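Have a look at the structure below, then the notes.
Computed from a predicted model, the values in this text were never measured in an experiment. Note that these values count all heavy atoms, side chains included, but never hydrogens, waters or copies made by symmetry.
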Amino acid sequence: MPEGIRAKKEENFSEWYTEVIQKAELADIRFGIQGFIVHKPWGFFIIKKIYEALEAEVETQGHQAFLFPTAVKEENLMKEKEHAGFTPEVLWVTEAGDKKLEEKFALRPTGEAQIYPIYALWLRSYRDLPYRGYQSRISVFRNEMTTRPFLRGREFLFFETHDAFNTHEEALEQIQLDLDTCKKIIHGKFKIPFFYFKRPEWDKFKGADNTFTPDTLMPDGKRNQLASTHDLGQNFSKAYEIKIKGKDEKEFFAYQTCFGPGIWRIMAALIGIHGDDKGLILPFDMAPIQIVIIPIVPKEEFRNNIMRVCKILEENVKTLGYRVKIDDSEDTPGSKYNKWEMMGVPIRFEVGPKEVENKSIAIALRGIKEKKIVSATDINKELKIKIEELDKALQERADSYLNDKVRESETLKDVVQTMKKHRGFIRIPFCSVSKDGEKCEEKLKAETQGARVCGTLYPIPEKVKHGQKCVVCGNDAKHIVYIAKSY
């Protein structure tokens with residue numbers, strides 16, 4: 001059994017995070033190539049639940065799953081002028097065996113350059129639209145120099161939708177659906193809080209007209225971008241010649257969107273935001289084992305009766321559809337408690353001589369200190385109550401956590417001072433989120449040793465008060481923006 005966590009989450013988040021990944025058996029970083037990790041069974045089960053929830057939701061919107069090769073033609077990466085900016089991050093395949101390839105190709109950094117040339121073949125008439133497609137449970141590859149499990153990697157897990165429409169209005173409606181997906185799944189199901197931002201002009205997705213992102217904060221105060229959705233306008237359809245014949249027989253270029261929930265980033269937030277100094281804390285549905293049963297056997301003469309009750313309880317709980325396990329190992333009860341708390345198991349049943357005699361069960365909830373004794377005959381009803389209680393408490397803790405991580409500043413001096421002692425977002429008046437504001441962000445970044453403009457709140461931006469000035473240049477502020485250091 002792994003030893004407990006030495007680092008304190010609030011004192012040394014980086015070390016705490018590393019320990020939880022290792023000791024909760026989420027990943028193994030000893031693969032031997034920087035930026036490539038092994039997803040262990042416990043962690044990969046959680047990731048599969050992330051995928052399942054997202055897949056189910058986008059399919060309700062009419063998305064159909066497809067799967068493209070990992071390879072991308074070099075010429076396709078270069079077709080959209082801005083998107084070609086991805087090439088410095090690309091990993092290339094140049095040799096096969098002992099021979100140089102006549103035409104090198106890239107390992108997919110994202111899907112546009114491989115999917116859209118095929119869309120140009122598939123989508124020809126207004127009757128073919130809207131078209132909603134997605135690919136899931138894939139890897140993408142980028143030449144990241146600084147890597148961290150579930151935050152940055154040279155290979156990481158991916159999910160992407162790619163949609164095409166007859167009108168821009170339809171595309172904007174899809175972006176709202178993407179926002180709804182984030183609220184319903186990332187916040188509602190995974191209990192991860194976030195602010196939704198419209199990115200500044202200089203920080204949008206390469207090739208997009210606009211980019212929108214749900215951003216949360218990790219306990220070290222750094223911004224974690226959980227997903228992104230992009231209004232591509234007609235930029236990519238023009239580059240890849242996705243020409244549509246309209247009702248009037250005239251050709252036009254399709255309007256497009258793409259949406260990428262960050263599978264790894266969501267996993268990182270589950271670990272970092274919900275976990276505590278005992279290890280993982282998971283929403284009930286995300287846990288590989290939802291309920292662990294601990295037999296308490298003070299004397300050998302009690303063992304048979306206790307184990308008989310535990311097995312009856314296990315079968316009963318299984319019939320209710322929950323994932324349950326009896327820990328009948330030789331470890332002490334205290335060691336078992338520590339192990340399963342580390343792994344994030346939401347509910348623990350304890351059965352000892354007293355519970356057998358009284359036909360009762362002791363129930364402990366992960367992240368909630370109180371333990372409750374309930375009648376064994378009431379276990380079905382009690383479980384429903386406890387599951388709701390667990391997830392509600394988790395959501396409330398997480399929402400309160402994020403809301404407490406926001407400060408306000410009106411001057412650059414105050415921003416610098418606040419940044420030294422505050423780990424989180426700072427809300428500031430700012431001159432411009434168009435290209436004109438990039439110089440102010442560069443100065444802000446230099447003065448704060450890394451803070452960047454995350455964007456304006458979306459869909460309803462906060463209003464600038466009369467007389468407010470940009471904290472950097474002193475000109476009239478046109479926007480209220482959020483700033484933070486980022487991964």
Side-chain angles (χ1 to χ4, degrees), residues 47-68 110-112 114-116 118-120 122-138 140 157-192 194-199 204-205 207-215 225-237 240 242 244 253-267 269 283 285-286 458-460:
I47 284 172
K48 286 197 298 179
K49 297 297 288 186
I50 295 172
Y51 271 123
E52 287 169 8
L54 290 167
E55 288 165 354
E57 183 59 25
V58 301
E59 286 181 7
T60 65
Q61 300 168 10
H63 287 87
Q64 301 178 81
F66 49 55
L67 182 62
F68 275 67
T110 181
E112 290 76 15
Q114 56 176 189
I115 294 172
Y116 296 164
I118 301 300
Y119 273 18
W122 290 355
L123 310 176
R124 309 301 292 272
S125 164
Y126 73 93
R127 295 185 182 89
D128 298 327
L129 304 182
Y131 184 87
R132 295 180 172 91
Y134 80 96
Q135 58 180 355
S136 180
R137 309 192 193 212
I138 59 172
V140 294
L157 300 176
F158 210 60
F159 180 107
E160 56 186 341
T161 71
H162 292 279
D163 302 340
F165 302 93
N166 284 304
T167 68
H168 192 220
E169 289 72 23
E170 290 176 294
L172 294 177
E173 288 172 5
Q174 181 59 51
I175 286 171
Q176 183 59 49
L177 287 176
D178 297 341
L179 168 56
D180 293 343
T181 296
C182 293
K183 288 180 179 177
K184 183 176 179 180
I185 304 301
I186 298 177
H187 184 247
K189 190 172 183 65
F190 306 153
K191 316 302 179 187
I192 299 171
F194 59 79
F195 293 113
Y196 212 81
F197 294 122
K198 182 179 181 181
R199 280 277 186 263
K204 64 185 181 180
F205 180 69
D209 284 345
N210 284 297
T211 288
F212 309 87
T213 65
D215 291 357
Q225 180 181 305
L226 299 166
S228 57
T229 185
H230 311 292
D231 177 5
L232 302 180
Q234 295 174 304
N235 301 326
F236 283 85
S237 63
Y240 293 96
I242 308 174
I244 307 299
F253 292 103
Y255 293 89
Q256 292 180 267
T257 66
C258 59
F259 173 48
I263 303 302
W264 262 27
R265 290 301 186 96
I266 292 168
M267 182 69 167
D285 186 56
M286 306 295 290
Y458 182 84
I460 304 175

Without swapping roles, check the side chain of [X] against the backbone of [Y] for a donor-acceptor pair under 3.5 Å.
X    : Y    : value
Q234 : F253 : yes
Q256 : S237 : yes
Q135 : F68  : yes
T211 : F205 : yes
T257 : I175 : no
Y240 : N235 : no

All side chain to side chain donor-acceptor pair (under 3.5 Å) counterparts of E59, not counting sequence neighbours
Y134

What is the minimum heavy-atom distance between [X] and [Y], and which atoms define it?
X    : Y    : answer
S125 : I244 : C-CG2, 3.4 Å
D285 : K189 : OD2-NZ, 3.1 Å
D163 : G133 : OD1-N, 3.5 Å
F159 : P261 : CD2-CD, 3.4 Å

Euclidean distance, [Y] [atom2] relative to [X] [atom1], rounded to 0.5 Å:
X    : Y    : atom1 : atom2 : value
D209 : F236 : CG    : CZ    : 10.0 Å
L54  : F259 : CG    : CZ    : 6.5 Å
I50  : I192 : CD1   : CD1   : 7.0 Å
E55  : R137 : CD    : CZ    : 4.0 Å
R265 : T213 : CZ    : OG1   : 10.5 Å
E160 : T229 : CD    : OG1   : 12.5 Å

Verdict with reasoning, L226 to C182, per side-chain contact (heavy atoms from CB on, under 4.5 Å)
CA-CA 9 Å; L226 299 166; C182 293; over 6 Å; no

Can you confirm whether D178 sits close enough to F212 that some side-chain heavy atom of one is under 4.5 Å from a side-chain heavy atom of the other?
no

Are side-chain heavy atoms of L123 and L129 found at a separation under 4.5 Å?
yes

Please determine whether side-chain contact (heavy atoms from CB on, under 4.5 Å) holds for the pair E57 and D180, giving the CA-CA distance in whole Å, both sets of side-chain angles, and the decisive distance to 0.1 Å.
CA-CA 10 Å; E57 183 59 25; D180 293 343; over 6 Å; no

Working for salt bridge (Lys or Arg N to Asp or Glu O under 4.0 Å), residues K198 and D231:
CA-CA 11 Å; K198 182 179 181 181; D231 177 5; over 6 Å; no

Going through the distances and angles, do I242 and W122 end up as a side-chain contact (heavy atoms from CB on, under 4.5 Å)?
CA-CA 9 Å; I242 308 174; W122 290 355; over 6 Å; no

Assess the residue pair F190 and M286 against the criterion (side-chain contact (heavy atoms from CB on, under 4.5 Å)); give the C-alpha distance rounded to whole Å, side-chain angles, the decisive distance to 0.1 Å, and a yes or no.
CA-CA 8 Å; F190 306 153; M286 306 295 290; 3.6 Å; yes

Parallel, tilted or perpendicular: which one describes the rings of F194 and H187, with boundaries at 30° and 60°?
perpendicular

Per the side chain to side chain donor-acceptor pair (under 3.5 Å) rule, which among H63, Q64, Q174 passes with R132?
Q174

Could you give me the CA-CA distance, side-chain angles and deciding distance for T181 and Q61, then say whether side chain to side chain donor-acceptor pair (under 3.5 Å) is met?
CA-CA 10 Å; T181 296; Q61 300 168 10; 2.9 Å; yes

Name the residue from Y116, Y119, F66 that meets the ring-ring contact (aromatic ring centres under 6.0 Å, His included) definition with H162.
Y116

